[in-house]
Amino acid sequence: MSGRGRRITDEEINELISKLQALLPAESRRRNAGRMSASKLLKETCSYIKSLHREVDDLSDRLAGLMTTMDSNSPQAEIIRGLLRS
Amino acid sequence: MGVIDIMDAKGTSSLGNPNPNILTPHPSKSSVAIRFLRVLSLVRHTASSSPSSRACRIRRAACSCMAYSAGPRRAWSRALLRKLVRRRRKPPRRDLPRPAAIIRRRRPVGGDRLEVALRRVVPGGAGMEYCRLLEEAADYVKCLVMQVRLMQSIVDFESHVHSVNKRSEIDPGDRN
């Protein structure tokens, strides 16, 4: 795909910034009422992605812990197998 | 199609009848869920000793499920898939084919600290233009949130079922 020859307009960047701001969680949106500056947005996005990574790690640990207490004949294994069959 | 929505299964009292709600109409959500559940059952049946190595496997599974569902249309998913494939082959290969677009890209001019930090956090973010980086970050955040919600509901479901199991152990239904 060929790269963009023209300069990137400010409106495009503003649009992307507002789109990204809409994805951030509600608390951070309340803290920053109105539009954030680009740098603030980058900072919030970075910290949000990092916290999401941490949540994935934490949930992986919990899932691994839960797995050790399950055996393959338990009813929930049946449910999961049923899910996979459908 | 009858895909059972495990995210709504919290309120079930009897184990034999999971809530038969149909999944919300986002096609990729069910595919991510099914793929992730398959990998989870594989991980469970592998004789792995420590929960930490299991957790590692689960984390990698989460990443790969996200990346596979996003497919090759996104730069971050392509970068994630490349990283996962590379990890399986031990020595990194120098002769990976690079698409022409990447060679012709405009190198980011140092950038401020925040932009560099964002590039580091989004997979494949190092070589993108600024606009592209913002788009990819938005899509990456969306997929990450979906993955986190999926894992959270699985954990909730399993721990709910686990606690129900414990209660039924303490008080068995029939006596001999």
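Naming convention: chains lettered A, B, ... in sequence-line order (proteins, then strands); numbering from 1 in each chain. Just so you know, these numbers use all the heavy atoms, side chains as well, and skip hydrogens, waters and symmetry mates. In this text, all values refer to a predicted model and were calculated from it rather than measured experimentally.
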Side chain to side chain contact (heavy atoms under 4.5 Å, CB included) assessment of Thr9(A) paired with Glu12(A): CA-CA 5 Å; Thr9(A) 62; Glu12(A) 287 175 357; 3.2 Å; yes
Chain B interface, residue from Ile49(A), Asp61(A), Thr45(A) that has the most non-hydrogen pairs under 4.5 Å: Ile49(A)
Option that, when pairs with chain B are counted at under 4.5 Å, heavy atom only, ranks first among Glu55(A), Lys50(A), His53(A): His53(A)
Audit row: Cys46(A), Leu114(B), side chain to side chain contact (heavy atoms under 4.5 Å, CB included) steps and yes/no: CA-CA 8 Å; Cys46(A) 269; Leu114(B) 289 173; 5.8 Å; no
Spacing of Arg113(B) atom CZ and Leu42(A) atom CG [to the nearest 0.5 Å]: 11.5 Å
Residue Lys19(A) versus chain B: region with a heavy atom under 4.5 Å: neither
Steps toward side chain to side chain contact (heavy atoms under 4.5 Å, CB included) verdict (Trp76(B), Met66(B)): CA-CA 10 Å; Trp76(B) 66 261; Met66(B) 265 187 359; 4.2 Å; yes
Choice from Val122(B), Leu133(B), Val145(B) maximising heavy atom contacts with chain A below 4.5 Å: Val145(B)
